[in-house]
Amino acid sequence: MIRTLSLAATLVAGTAAMAAADITIHDAYARSATPVAKSGAAFMVIENDGSEADRLIGVASEAAAVVELHTHAQDDTGMMLMRPVEGGLEIPADGSHALQRGGDHVMFMGLTEGWENGDTIPVTLTFERAGDVQVDIVVDRDRQPAQDGGHGAMQGMDTAPTN
C-alpha cells in the first residue's frame with residue numbers, strides 16, 4: 001500500500017513539473033509611486049505553451065503584508081475601481097495573458113521596505129496545474145506603458161493563436 005501511495009505521489013509531482021515547464025514569464029517588472037510608498041504592483045506576460053489551459057490562482061511574496069491578484073472593473077456609475085480577482089486568471093492553452101497597468105496585475109499592500117529602481121522582488125505565482133513558479137521581478141519605477149503593442153496595448157486580454 002505504501003508503495004502504491006508513493007507511486008501516486010510521484011506521478012502527481014511529475015505531472016505538476018511537466019505543467020510548470022509549460023508556463024513562462026516574460027517582461028516582468030514592478031513599480032511603486034515613490035521609494036517610500038506603502039503599495040506597489042507587478043506586471044508581466046504569462047505564456048502557456050501547454051495543450052491545456054491553466055489558471056493563476058494565487059501569488060505570494062515577503063515584500064508586502066498582503067499580495068493579491070487585482071484587476072480594474074467599471075462600477076455602475078462608470079468609475080473604474082481596482083478589485084481583487086475572484087477565482088484566478090485563466091492562461092489559455094498555447095496562449096498568454098498580460099498583467100499590465102490599467103488591467104490585471106499583482107498588487108502589493110503594506111510594503112515591508114521601499115522599492116528603489118533595480119531592486120529585485122521575489123514572487124511565487126501559484127497555478128492550478130503548474131503549481132508554484134518562482135520569479136524575481138525587477139523594480140522599474142520609470143517604465144511607462146507601451147503605446148505600440150506592449151503591456152499598454154494589450155489591456156489584460158488573453159491572446160491565443162488564430163487558425
Side-chain angles (χ1 to χ4, degrees), residues 1-31 39-64 66-74 80-109 115 119-140 143-163:
M1 179 67 164
I2 291 174
R3 181 175 286 165
T4 302
L5 290 176
S6 177
L7 177 59
T10 301
L11 290 173
V12 169
T15 302
M18 288 178 4
D22 292 337
I23 297 292
T24 54
I25 309 303
H26 301 282
D27 201 22
Y29 73 102
R31 65 185 319 274
S39 63
F43 314 97
M44 65 199 76
V45 176
I46 303 169
E47 190 169 322
N48 179 2
D49 292 326
S51 59
E52 294 183 45
D54 205 340
R55 181 169 293 278
L56 177 60
I57 57 173
V59 61
S61 176
E62 293 183 10
V66 177
V67 185
E68 298 176 334
L69 295 172
H70 274 211
T71 193
H72 285 83
Q74 192 171 26
M80 293 300 286
L81 303 171
M82 188 170 37
R83 300 183 189 264
V85 171
E86 300 294 329
L89 301 169
E90 183 168 320
I91 316 302
D94 292 320
S96 63
H97 187 85
L99 277 60
Q100 65 172 15
R101 292 161 69 172
D104 298 333
H105 58 280
V106 177
M107 188 72 200
F108 298 81
M109 295 167 285
W115 289 358
D119 287 350
T120 300
I121 310 302
V123 176
T124 301
L125 304 173
T126 302
F127 293 87
E128 199 168 70
R129 295 187 69 249
D132 289 346
V133 174
Q134 306 295 322
V135 60
D136 289 327
I137 302 175
V138 175
V139 174
D140 185 351
R143 186 161 174 176
Q144 297 298 312
Q147 300 299 314
D148 58 356
H151 278 89
M154 295 177 79
Q155 297 300 315
M157 302 303 293
D158 294 329
T159 59
T162 55
N163 293 329

Validation row: [X], [Y] side chains within 4.5 angstrom (heavy atoms):
| X | Y | result |
| --- | --- | --- |
| V133 | T124 | no |
| V67 | V123 | no |
| D104 | L69 | no |

request  = Could you check N48 against D94 for side-chain contact (heavy atoms from CB on, under 4.5 Å), going step by step and ending with a plain yes or no?
outcome  = CA-CA 5 Å; N48 179 2; D94 292 320; over 6 Å; no
query = When you measure from the side chain of R55 to the backbone N and O of F127, does any donor-acceptor pair fall under 3.5 Å?
reply = no
ask   = side-chain hydrogen bond (donor to acceptor under 3.5 Å, both in side chains) between E47 and H26: does it pass, once the steps are laid out?
value = CA-CA 8 Å; E47 190 169 322; H26 301 282; 3.2 Å; yes
inquiry  = Does W115 form a side-chain contact (heavy atoms from CB on, under 4.5 Å) with V139? I'd like the steps, not just the answer.
reply    = CA-CA 7 Å; W115 289 358; V139 174; 4.0 Å; yes
request  = Not counting sequence neighbours, which residues clear side chain to side chain donor-acceptor pair (under 3.5 Å) with T120? List them please.
outcome  = none
task = Please lay out, stage by stage, how L81 and H72 fare under the test side-chain contact (heavy atoms from CB on, under 4.5 Å).
result = CA-CA 5 Å; L81 303 171; H72 285 83; over 6 Å; no
CA sep, side-chain torsions, deciding dist, call: T126, D132, side-chain hydrogen bond (donor to acceptor under 3.5 Å, both in side chains) = CA-CA 4 Å; T126 302; D132 289 346; 2.8 Å; yes
task = Go through the steps for F43 and R143 under the test side-chain contact (heavy atoms from CB on, under 4.5 Å), then give the verdict.
result = CA-CA 11 Å; F43 314 97; R143 186 161 174 176; over 6 Å; no
task = For atom CD of Q134, decide whether the heavy atoms of other residues, nucleotides or ligands shown that lie under 6.0 angstrom number more than 12.
result = yes
